[in-house]
> 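One structure is given below, represented as structure tokens, and several questions about it will come after.
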There are 2 protein chains.
Amino acid sequence: MPRSSPGCSPEMFFADKRRAEMAVRQEGYEHRGIHGSPTTPIGTSVEKTTVSSDSSASSPTPPTGTRPPRPTMLDVARAAGVSLKTVSRVVNGEPGVTAETAQRVADVIGRLGFRRNDSARLLRQGVSTGSIAFILEDVADPFYATLARAVLDVARSHEYLVLAGCSDENPVFEKELAQAFCARRVDGLVIVPAPGGDHRYLVAEMRMGTAVVFADRPATGIDADTILVDNSGGVRAAVQHLLGQGHRRLAYLGDDLRVFTSQERLAGYREALAQAGLPVDERLVFTARPEPEFVRQALTEALAGPEPATALLTGNSRVTILALHQLRARNEQPALVGFDDFESAELLDVTVVAQDPAAIGRAAATLLFDRLAGDSRPIQTVRLPTRLVVRGSSTRRP
Amino acid sequence: MPRSSPGCSPEMFFADKRRAEMAVRQEGYEHRGIHGSPTTPIGTSVEKTTVSSDSSASSPTPPTGTRPPRPTMLDVARAAGVSLKTVSRVVNGEPGVTAETAQRVADVIGRLGFRRNDSARLLRQGVSTGSIAFILEDVADPFYATLARAVLDVARSHEYLVLAGCSDENPVFEKELAQAFCARRVDGLVIVPAPGGDHRYLVAEMRMGTAVVFADRPATGIDADTILVDNSGGVRAAVQHLLGQGHRRLAYLGDDLRVFTSQERLAGYREALAQAGLPVDERLVFTARPEPEFVRQALTEALAGPEPATALLTGNSRVTILALHQLRARNEQPALVGFDDFESAELLDVTVVAQDPAAIGRAAATLLFDRLAGDSRPIQTVRLPTRLVVRGSSTRRP
DNA sequence: ATGAAAGCGCTAACAC
DNA sequence: GTGTTAGCGCTTTCAT
């Protein structure tokens, strides 16, 4: 459990009114200045880092320093010569205030730069914090970035704010984040579970009204609303397509089987072959974390021997791209279908089983808000379809 | 330094006291069901959407419904037969509690599933909300996704939570988000400004202590800390590289000039040509929003006529990819350098001026936390370098 | 070692 | 129309 104290030094603010001269130079945290940050050019450096202090301009005040405390409604009330409640009425557009009183209050609000503290308001109201959170592996990953974007859009349409967190595939981080979010009393959570986790710790939160929807992978140890992709169906379609092109030796290069989606996709491969009455040659099945060396090795084995694979199925876009690199280096061109679309798949003319990450995020967030609105149907598990996008890489004859 | 751990034990019992039935059924929200959501397959549908209600499992309780209210410290105190303050001490690891009292309280905490409300705590403490926010165009864009990821990482190292928002290049959205975040009293804001905005509305917030750092583009109307990329330098390097390859007719295809970075990049193009003593042929300069039709038209003009361009400079990765598509369709191969790296640039063998979005996010967030820690240097403007990554697309002879 | 009371900034429920 | 009082869930101050 992370410490609770916020990241500012204890001596930052002396009590109440007085503001201390904060000659703060924290030693507690790593203090990476701009110059020390890893922003220096690597490789063919073209330019140099420049820091200019243009304090010549219109705002001579340093960014921090002596901060006037934020005015509260009470401050506004006093300055306007009215009661706190009158200010509250004006701020919230409630009736029961004369136009001129309202105007006077509004003036003071503008002059003081008052802005209502929503945290305090929501605490008082108690019903909702108007915020949800999502936790996923890595927002920098295009797939999750798109999923996240969809969650943000749905939240915006409900006028909710969104907290974000990356688990880095680490169930411990995931749990810490989820608990931190719950401590902030988010109304709901969209979680892409890290592999190997156990979500029973969420039962208490859920029972107390925190809505939780899992996305892309199912929860472990609890029953919860879940949005999944039809992984096996997607791979089955890919296999059938390749079989239809006349291929009979299909290699499968997938991600580590500890990942849920990876299991489903491999299962789809086996199912489709079985369905076609074909045996699975285990020498053509490769799964591991998608490192270059793994892909290199797998391709070497798959494309060698007396009965080499004529077609390749890659289990995610990372593997697909690594495979494309390898194939170019080897100057080989087996038929290829990749699971999961990627930015340049069209340009590279690669056939893919496209998922729709935005649809996952949208479905998850929508279900979440349905639950928050009182939807009490039984727990839902939604399977989203994939779409086979046929391009040149799979239509080469064996 | 309080060590918070309200310790949520997995074992959950009912809060045996009152289980208020607040059968909430708010009608206030729009109630879009899963089926109504736009998740139905488009195009070559391969599978169908499936919704299964597996209520057969261990948790027959519907997700929402009768929620026992969250226990407060007072609830814990009563159940443990101690005072509120004693619970507070236990929860925060403060001294002054007997081991056995502490144990008793801890037991009750576990039994009731108590979790401290951090929003309330932070409101009371008043110093910080332990949260920052970022606003950028679109988290789904790989560039911003990476930038966002870096912000999240820095925030995590300070044990801060992060709110996220997308402006969609709309200054009105940006302002609404910024104000909503300020109303929640975030400690700081990282903003990638939407073009055409005016940030003077932030002056009041900044004066009251909200730290703000702008990233990738400068603020308008105010002085503020800003992290920028050396756009013109990057393009200059690209131009020099192409000149070095013997090219003399370089076309420039850039984004809309209302975008700050677009102006800088075009300026770099002009500067580098001037520096080389070459005139700028305005018929080879094209800027507009990166739509396929714009790129098609621009290429038609650039590559036609008696003196066609032999080399192409694209102002961002969107344009680069569109141009690559067009060039393939036309079966033409002018030399090409793209500004901004993209996922498959290596695979496509495209020379790029690489930015480092993670460095931008890191620098912005680091500066933000420096400010929060009391750093009162004058306003900073940081220029991050780019890196010319030379690949095959630019080494073809004219 | 423990607890009572006040109050963070706001809204809800009543006064007047 | 306007103001007063209480209290959200917690921490702080000061008592005992």
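In what follows, every chain begins at residue 1, and chains take the letters A, B, ... in the order their sequences are listed.
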> Just how far, in rounded Å, is P of dC10(D) from CG of Asn92(B)?
10 Å
> From CG of Asn117(A) over to P of dG7(C), roughly how many Å is that when rounded to an integer?
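Whole-Å distance recorded here is 18 Å.
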> Rounding to a whole Å, what distance do you find between Arg78(B):CZ and dG3(C):C1'?
15 Å
> Check the distance between dC8(D)'s C1' and Asp118(A)'s CG and give it to me in whole angstrom.
15 Å
> Quick one: is dG3(D) close enough that its OP1 or OP2 comes under 4.0 Å of any side-chain N or O from Thr86(A)?
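So the side-chain polar atoms of Thr86(A) do come within 4.0 Å of the phosphate oxygens OP1 or OP2 of dG3(D), strictly under.
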> List the residues meeting side-chain hydrogen bond (donor to acceptor under 3.5 Å, both in side chains) with Asp153(B), not counting sequence neighbours, and say none if there are none.
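Expected list: Arg149(B).
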> According to the interplanar angle, ranging from 0 to 90°, do the rings of His158(A) and Phe369(A) count as parallel (below 30°), tilted (30 to 60°) or perpendicular (above 60°)?
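Judged by the thresholds at 30° and 60°, the geometry between His158(A) and Phe369(A) is parallel.
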> Detail all sub-3.5 Å separations between protein N/O atoms and N/O atoms belonging to nucleotides 12-16 of chain C.
{"unit_1": "dA12(C)", "atom_1": "OP1", "unit_2": "Gln125(A)", "atom_2": "OE1", "d": "3.4"}
{"unit_1": "dA12(C)", "atom_1": "N7", "unit_2": "Lys85(A)", "atom_2": "NZ", "d": "3.4"}

> Not counting sequence neighbours, which residues clear side-chain hydrogen bond (donor to acceptor under 3.5 Å, both in side chains) with Arg200(B)? List them please.
Asp198(B)
> Please report the distance, rounded to the nearest Å, between CG in Asp75(B) and P in dC10(D).
9 Å
> Between Ala120(B) and Arg116(A), name the one whose nearest nucleotide on DNA chain C is closer to the 5' end.
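So the residue in question is Ala120(B).
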> Quick one: label Thr101(B) by what it contacts on the DNA or RNA (base, sugar-phosphate, nothing), any heavy atom closer than 4.0 Å.
sugar-phosphate
> State whether Ser83(A) places a side-chain N or O below 4.0 Å from either non-bridging phosphate oxygen (OP1 or OP2) of dT2(D).
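So the side-chain polar atoms of Ser83(A) never come under 4.0 Å of the phosphate oxygens OP1 or OP2 of dT2(D).
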> Tell me the interatomic distance from Met73(A), atom CE, to dG3(D), atom P, rounded to whole angstroms.
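In whole Å, dG3(D) P and Met73(A) CE are 14 Å from each other.
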> Which of these nucleotides, dA1(C), dG1(D), dG9(C), is closest to any side-chain atom of Thr98(B)?
dA1(C)
> Going by side-chain hydrogen bond (donor to acceptor under 3.5 Å, both in side chains), name the residues that satisfy it together with Thr220(A), two or more places apart in sequence or in a different chain.
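By the side-chain hydrogen bond (donor to acceptor under 3.5 Å, both in side chains) rule, Thr220(A) matches no residue at all.
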> Output every pair passing salt bridge (Lys or Arg N to Asp or Glu O under 4.0 Å) with a member in residues 68-83 of chain A, not counting sequence neighbours, ordered by first then second residue.
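For residues 68-83 of chain A, and leaving out neighbouring residues, the salt bridge (Lys or Arg N to Asp or Glu O under 4.0 Å) pairs sorted by first residue read Arg70(A)-Glu205(B).
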> Over all heavy atoms of both residues, which pair between Tyr201(B) and Ala178(B) is shortest? Give the atoms and the distance, please.
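Residues Tyr201(B) and Ala178(B), closest heavy atoms: OH-CB, 3.4 Å.
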> What is the distance from CG of Leu84(B) to C1' of dT2(C), rounded to the nearest Å?
12 Å
> Can you see if the side chain of Arg70(A) gets near the phosphate of dG9(C) - specifically, an N or O under 4.0 Å from OP1 or OP2?
no
> Within the structure shown, what part of the strands sits under 4.0 Å from Leu122(A) by heavy-atom distance: base, sugar-phosphate, or nothing?
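Result for Leu122(A) = nothing.
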> Go through the structure and list residues passing ring-ring contact (aromatic ring centres under 6.0 Å, His included) with Phe214(A), not counting sequence neighbours.
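For Phe214(A), the residues satisfying ring-ring contact (aromatic ring centres under 6.0 Å, His included) (neighbours in sequence not counted) are His199(A).
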> When the distance from CG of Leu123(B) to P of dT12(D) is rounded to whole Å, what number comes out?
12 Å
> Identify whether any heavy atom of Gly96(A) sits under 4.0 Å from a base atom; if not, whether one sits that close to sugar-phosphate; answer base, sugar-phosphate or nothing.
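The answer is base, as Gly96(A) lies within the cut-off (heavy atoms under 4.0 Å) of a base atom.
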